[in-house]
Amino acid sequence: MEQVTDTPVVSGGPRERTGHRSPPSTPAAGPAPRPVQRRRRTPWKAWLLFLLFAGPNVALLVIFTYKPLLQSLYYSTLQWNIGSAVAMPVGFQNYADWFTDPTTPRIIAVTLVFTLATVGGGMVIGLLLALVLNRRLRGTGAARTVVVAPYVLSGVAVGLLWLFVFDPNFGVTAALLRLVGLASPDWYNDPQWALAMVIVVYLWKNVGYVALIYLAALQSVPRDLVEAASIDGATSLRSFRSIVLPLLGPTTFFLAITTLLTSLQSFDIIQAMTKGGPLGGTTTMMYQIYQEGFQSGRAGYSSAVATILFAVLLLVTFAQLKYVDRKVHY
Amino acid sequence: MTNTSTRNKVLWAIATILVLVYALFPVASILATSFKSPSDLTSGKFLPSSGTATTSNYEQILVGDAQGLFLSALRNSIGISLIATFIAVVLATLCAYAIARLDFPGKKLILTTALAVSIFPVISIVTPLFNLWRTIGLYDTWLGLIIPYLSLTLPISIWTLAAFFRQIPWELEQAAQVDGATTWQAFRKAIVPLALPGVFTTAIIAFFIAWNDFVYGISLTSTEAARPVPAALAFFTGASQFESPTGAISAAAIIVTIPVVLLVLLFQRQIVSGLTSGAVKG
């Protein structure tokens with residue numbers, strides 16, 4: 001992060017040379033002639049241009065994202081209620097509190113179940129969807145649009161809509177279950193069924209993105225490779241396992257990172273459907289941070305949990321980038 | 001051989017239909033709910049009972065009691081998302097252009113700085129912003145949401161555009177200059193037409209991100225002055241205690257969903273290329 005603020009300093013140095021109009025004497029410039037060669041800019045000029053073009057972006061991100069992030073780290077060491085003028089520095093007490101709080105094991109468990117189910121389930125269902133959509137049949141174009149559409153819908157709208165679908169008395173799932181002679185589970189009041197409900201809705205909304213990315217990857221699998229295998233007598237399952245799946249490796253890693261990052265931060269569906277309940281059955285870390293910060297007003301404690309979540313996100317990203325190395329262009 | 005391939009085709013067709021049902025059924029069921037009268041909501045039937053289908057839910061949110069709540073939110077969402085998208089695309093285009101055209105040490109660092117933002121949890125940013133906005137008066141204003149939406153959309157916009165710009169044959173510009181065009185003409189006639197589709201795609205993706213944001217929308221607003229649709233929808237539930245708002249909520253959800261679905265249908269190809277650019281390397 002420090003290097004970022006270095007940027008203007010570095011460019012400030014060479015800029016002073018603009019005073020004299022002779023060609024800049026920086027060693028890198030060399031004796032290149034000056035015709036219309038646009039790419040061969042002298043370094044200081046490139047810096048100036050770059051600063052002009054990228055400066056506003058970097059400034060915005062530094063002021064309104066990097067700085068608040070650091071502030072949040074600082075808040076996490078305070079005992080401080082949001083809006084209050086008094087804040088007491090407490091060191092790492094908030095962190096210690098979180099790790100020893102009796103509700104924390106449940107929150108970790110809910111977060112783990114939700115994340116593993118949505119990421120794992122999303123990848124499997126997404127790949128299956130992509131395989132169906134990859135067939136060049138009539139209607140697959142429309143099907144692709146329909147599958148991707150939920151991904152761009154508002155999570156709140158989706159959550160509220162599905163709430164009716166799951167209604168134990170007059171919802172569609174209850175009607176379907178009645179058809180096969182089953183009673184509807186109490187999706188609203190049973191913590192475990194509520195978590196299952198939120199996971200189903202999250203999957204429904206987000207699986208289209210996974211399918212779309214897998215579909216693009218499938219379409220870049222060389223057809224002759226699969227055809228050659230089938231001529232050699234491989235069954236389609238076999239050629240899928242030995243040829244297509246390995247080729248999808250980089251895409252799978254890319255999706256693992258991106259879906260994990262979004263799943264750990266999912267908020268809108270939970271807020272719209274269960275508000276973290278019943279009995280905390282759908283309170284993930286992300287939801288706890290919101291609840292503590294904006295409902296209980298415990299900004300310091302909330303920031304500490306947010307920092308822990310951030311550490312998890314960083315760890316996940318670095319571990320995966322390290323593992324994938326140059327296989328994925330992320 | 002022909003036998004198995006016909007059977008395969010039928011199986012795949014069935015799979016496609018299943019996929020369609022899976023994706024469409026919930027939406028269809030809500031659409032049906034939005035036309036139900038209050039007494040019909042609990043009928044347990046999929047469609048409104050015959051003769052009772054009503055548009056009263058839509059009237060309620062568009063011209064009736066809930067109008068103030070819903071229409072102002074719609075105006076806020078459209079205005080804020082459009083402005084944020086416009087600024088983000090302009091800034092990201094400049095940045096991606098610089099990344100594509102200029103070569104020097106430190107370039108990668110800038111790109112990483114911008115992209116790293118996308119792994120910062122939004123919820124970490126929101127408390128400090130809430131605090132700052134309260135101090136400088138940006139709380140519950142359009143600008144107070146436009147700024148965080150820029151940090152949501154800039155990283156992915158820069159990333160998408162940089163991926164697009166890498167594929168542009170920049171030599172065309174020089175070729176045009178050799179043929180006698182001025183620098184500006186060469187840029188406008190040779191490069192802009194090639195770059196526009198990428199810019200447009202990025203704009204659509206950025207718009208969706210801003211339109212669907214919920215964390216900032218619910219935390220940084222408090223009144224109709226700036227509250228966007230997703231936040232307003234979440235407040236809708238408690239709006240009327242005596243009458244079940246089920247019908248009104250489904251109507252509101254359908255209204256905010258329709259424009260998005262239309263955009264998806266119209267710009268399907270651009271959205272697909274935007275979401276997949278950079279994710280899959282040939």
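Note on naming: letters A, B, ... go to the chains in the order of the sequence lines (proteins, then strands), and numbering restarts at 1 for each one.
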Under 4.5 Å from a heavy atom of chain B, the part of [X] involved:
X        : answer
A/Tyr75  : side chain
A/Phe64  : both
A/Val207 : side chain
A/Leu60  : side chain

Could you tell me which of [options] has the largest number of non-hydrogen atom pairs under 4.5 Å with chain B?
options                               : answer
A/Ala157, A/Ala211, A/Gly293, A/Pro56 : A/Ala157
A/Leu129, A/Asp268, A/Val156          : A/Val156
A/Leu313, A/Leu314, A/Thr65, A/Leu73  : A/Thr65

Top contributor to chain A interface from B/Pro148, B/Ser151, B/Pro121, B/Pro155 [non-hydrogen pairs under 4.5 Å]: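 Sorted descending by pairs with chain A, the first entry is B/Pro121.
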Engaged part of [X] at the chain A interface, taking heavy atoms whose separation is under 4.5 Å:
X        : value
B/Ile158 : side chain
B/Val122 : both
B/Ile125 : both
B/Leu154 : side chain

[atom1] of [X] to [atom2] of [Y]: how many Å apart, nearest 0.5 Å?
X        : Y        : atom1 : atom2 : result
A/Leu69  : B/Leu129 : CG    : CG    : 11.0 Å
B/Leu91  : A/Leu61  : CG    : CG    : 9.5 Å
B/Ser124 : A/Gln71  : OG    : CD    : 12.0 Å
B/Phe214 : A/Ser154 : CZ    : OG    : 8.0 Å
A/Gln288 : B/Ile123 : CD    : CD1   : 11.0 Å
A/Ile257 : B/Ile119 : CD1   : CD1   : 10.0 Å

Less than 4.5 Å apart, side chain to side chain, heavy atoms only: is that true for [X] and [Y]?
X        : Y        : answer
A/Ile82  : B/Arg134 : no
A/Tyr74  : B/Pro128 : no
A/Phe294 : B/Ile218 : no

Stepwise side chain to side chain contact (heavy atoms under 4.5 Å, CB included) test for B/Asn212 and A/Leu153: CA-CA 7 Å; B/Asn212 286 334; A/Leu153 298 184; 5.6 Å; no
Minimum heavy-atom distance B/Thr127-A/Ala299, with the two atoms named: CG2-CB, 4.1 Å
Heavy atoms of other groups near A/Leu264 CG, more than 12 under 6.0 Å: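 Counting other residues, nucleotides and ligands, CG of A/Leu264 exceeds 12 neighbours.
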N/O donor-acceptor pair under 3.5 Å between A/Tyr290 side chain and B/Val215 backbone: no
Aromatic plane relationship, B/Phe120 with A/Phe310 - under 30° parallel, 30 to 60° tilted, over 60° perpendicular: perpendicular
